[in-house]
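Computed from a prediction, not measured in an experiment: that's the story for all the values here. Each chain gets a letter, A, B and so on, in the order the sequences are listed, and its residues count up from 1.
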Amino acid sequence: MSDKVLKKRGKHQPTTLLNIFRGTDASNTKFQTFEVPFQSGASVLDALIWANENLDQSLSFRYSCINANACKECMMLVDGEVEYACLKRLEKQVMRLEPLPNKKLIVDLVTDIVPPKEKFLTTT
Amino acid sequence: MDFMTTDVLIVGAGAAGMYASISAAKSGAKVILIDKSLISRGGATVMAQMTVAAAIGHQEADHWTHHLADTINSGRGLCNENLSYLLCKDAPEKILEMRDWKTDWANDDGQIRQVMAPGHNVKRCCYVDFLNTGPAVARTLRGEVARQSNINRVSGVTIIDLKVRDGKAVGAIGLNNETGEFVAIGAKAIVLAAGGLTQLFQRNSASKNMGGDSHALALRAGANLMDMEFVQFFPIGHLAPRLVGMDPIMWDPFRYKLGGHLLNNKGEHFIESYGGADGEAYTVGRDLASYAIIKECEAGRGSPNGGAWLSFQHLARNELETAFGPIIQKLFENNIDLTKQAIEVAPIAHYHMGGIEVDSTMETKISGLFAAGECVGGANGANRLSGNAIPEAFVFGDIAGQSAGSHKDVKRNFTPIDGEKMLSTTFDQLYKQSSNKTVSSEMTSRKLLSKLQNIMWTQVGVLRNKEDLHDALLNIQEIQNDMFPKIQPSPGTTFNPSLMDWLDLRNSLLSAEAICLAANGREESRGAHQMEDIPTTIDSFMKNQIVSLSSGQLTTIWKPVQRIKLNLGERCQIKF
Ligand SMILES: Cc1cc2nc3c(=O)[nH]c(=O)nc-3n(C[C@H](O)[C@H](O)[C@H](O)COP(=O)(O)OP(=O)(O)OC[C@H]3O[C@@H](n4cnc5c(N)ncnc54)[C@H](O)[C@@H]3O)c2cc1C
Ligand code: FES
């Protein structure tokens, strides 16, 4: 359930700062900071979905299954380590999110993870 | 220009789409299998953790006619029995075929283990340990698909609309998510296998890609939907504490194996007071359990987050570990120790019985347009038996693939639609809706999707009533007519969430409206459609409700239920 855990935000609720890599190519990229509510037990993906809905609809990242850790689409670098965003817990501190370094960058946290044999190729 | 042609186009690569692609390819057709996510990963199939029902009789004497009787009983009078028949009759051979393809069904020296599940009369449900059925099935089919040289796999293309010429499906247009470009596919036959719609409800077990694309695509292509009002709510979805890396319906297998206690905030067993039994054996039906939990919450006896407590504290650690090995460790990593604490559970939207209307070859009203999997309506009537969805995806996928592969147009020299023309008209139509309206910067597709989920959950959820259903319809139409047109997606950029969300919203609104309209029409309680203000099942409503789209308007008509005449013997003294 992607129940909006992060939205039940009391006045003094602590927040997490997500420092997120933005952009499409090496010459035109930056880190942008998003302040998201911290909720114990929430995943980094929960926070990204919250940010997407409440702060910036253009923020790009991949995910499908949200809870089950089955689709394996949400892999990214969290504080320099390769993690599944849906498994990695949100921490009450600054967290740095970057795209996978060994894959071609598409935009923001999205890299090219589509197997070469599954690309749309024009046949006629 | 990005244009491809093929004999058979398959939209959606879950169990149904993958099975269909294999069968179509085996019949000699050239196939394109497309998924908006990644092949085999985007939908419900890979997330399923439990069981697959099939009368293979490895544990107890069984026959598909018994499975059929149970399925029809559970469907509360509404099963399209021709479809239920196909599901139950063909499920055993699919389980064995999957075994030949190396799905590791839990077994003892080749005898596949089968367990009991509510509503089945014998041990009928196969599984892969531990809670690994879906991933195993997805892997097997992905491997088989890759072995077929005439299947062209495409990940990351969202199908936006199907194209129909003179009542005949001829192709589709899509969005290449990565490049942001529109693409066209000409096809002689199409199989829609893009899954369910439970993401329309705020509390759900769905992936992001289950927002009703199948249903909206079918409606706009001119096909009919049926039984849209029947959404199955799973009573004990995980609610709190936040649990990551686990499917929210994971507590069901715990209850099968270990029982467990369902308690209100006073620590009382409450299922009994609603007429259910909740002893050590887990037998209470899904509809009754959902009802009881909602009622306890309404009476102020719910758990803190609005559900019920589920406790295994009476069991010893080693009992838990024997039953669920690695899962207990995963729970620890989530700071959950079942010997010390109860967890909170609540009903969540989990499966949709309704869907696209098809005949026994899985063809819709539109020639050359087939459907398969969860997006097909009818086989499970008003209430699905647990374990029936994955075999449904296998069996209907297989039939749809064969039918599409041998469709008359595939066999002859038929020219599918001109891609260039298809693309240019699509651009126009797609954006006309938002072009001359004021654009709101406040409103986003994502926010409206959340708003829609909230309406569906609070007004079209587990317990319904006339007033709420009526309001919900108006609320959805307001979003559709007043808010949606004010949103302007920005096309043409790479992996653009604003455009992808906009396309999702476009479909979700139409599918939600179809559910709502059908729910308004059914003035009785039956199976998963429970009306608080009309609690009885009314005989004159033992019929299927058909939804179609004409000139932009959804309309409904009623059709008699399709029955079959089979001599099913004693077991099939079907009671409703
Ligand atoms: C968490 C969970 C657990 C379950 N457990 C069980 C169980 O134990 N036993 C059982 O029998 N059933 C179970 N079910 C139900 C069962 O898994 C599904 O009904 C079944 O897998 C559906 O298969 P499908 O191929 O029809 O759809 P899916 O597997 O959902 O596949 C549909 C695919 O279509 C793609 N798609 C969607 N829209 C588009 C588009 N516009 N363009 C291109 N592609 C698109 C999606 O990305 C997805 O990959 C479970 C369901 C869930 C959610
Ligand atoms: S979202 Fe599916 S694995 Fe993380």
Does the side chain of [Y] come within less than 4.5 Å of [X]'s, by heavy atoms?
{"X": "A:Val110", "Y": "B:Thr494", "result": "no"}
{"X": "B:Glu178", "Y": "A:Lys119", "result": "yes"}
{"X": "B:Gln199", "Y": "A:Ile66", "result": "yes"}

May I ask you to decide if B:Phe495's main-chain N or O and A:Ser60's side chain share a donor-acceptor pair within less than 3.5 Å?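 Yes; at least one donor-acceptor contact below 3.5 Å.
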B:Arg41 side chain to A:Cys71 main-chain N or O, any donor-acceptor pair under 3.5 Å?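 Judged by distance alone, yes, a pair lies under 3.5 Å.
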I need the minimum non-hydrogen distance between [X] and [Y], along with the two atoms involved.
{"X": "A:Phe120", "Y": "B:Phe3", "result": "CE2-N, 4.4 Å"}
{"X": "B:Arg242", "Y": "A:Arg89", "result": "O-NH1, 3.8 Å"}
{"X": "B:Pro497", "Y": "A:Gln57", "result": "CG-O, 3.4 Å"}
{"X": "B:Gly245", "Y": "A:Leu87", "result": "CA-CD2, 3.2 Å"}

Nearest-0.5 Å distance that lies between atom [atom1] in [X] and atom [atom2] in [Y]:
{"X": "B:Met47", "Y": "A:Asn69", "atom1": "CE", "atom2": "CG", "value": "12.0 Å"}
{"X": "A:Ser58", "Y": "B:Leu499", "atom1": "OG", "atom2": "CG", "value": "13.0 Å"}
{"X": "A:Asn54", "Y": "B:Thr444", "atom1": "CG", "atom2": "OG1", "value": "8.5 Å"}
{"X": "B:Leu38", "Y": "A:Ile113", "atom1": "CG", "atom2": "CD1", "value": "5.0 Å"}

Would you mind checking which part of [X] comes under 4.5 Å of any heavy atom in chain B, side chain (CB onward), backbone (N, CA, C, O), both or neither?
{"X": "A:Cys86", "answer": "backbone"}
{"X": "A:Val114", "answer": "both"}
{"X": "A:Tyr84", "answer": "neither"}
{"X": "A:Lys72", "answer": "both"}

Presence of salt bridge, A:Glu118 and B:Arg153, under 4.0 angstrom: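 Judged by the 4.0 Å cut-off on N to carboxylate O distance, B:Arg153 and A:Glu118 do form a salt bridge.
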Who wins among B:Ile249, B:Leu33, B:Asn176, B:Ile39 for the most heavy-atom pairs under 4.5 Å with chain A?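 The candidate making the most pairs under 4.5 Å is B:Ile39.
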For A:Gln93, does the CD atom have more than 12 heavy-atom neighbours from other residues, nucleotides or ligands under 6.0 Å away?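 More than 12 within 6.0 Å, yes.
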Highest number of heavy-atom pairs under 4.5 Å with chain B: which of A:Cys65, A:Ala68, A:Ala70?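 Looking at each option in turn, the highest pair count goes to A:Ala68.
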Heavy-atom cut-off 4.5 Å, strictly under: side chain, backbone, both or neither for [X] against chain A?
{"X": "B:Asn334", "result": "both"}
{"X": "B:Ala240", "result": "neither"}
{"X": "B:Val46", "result": "both"}
{"X": "B:Leu243", "result": "backbone"}

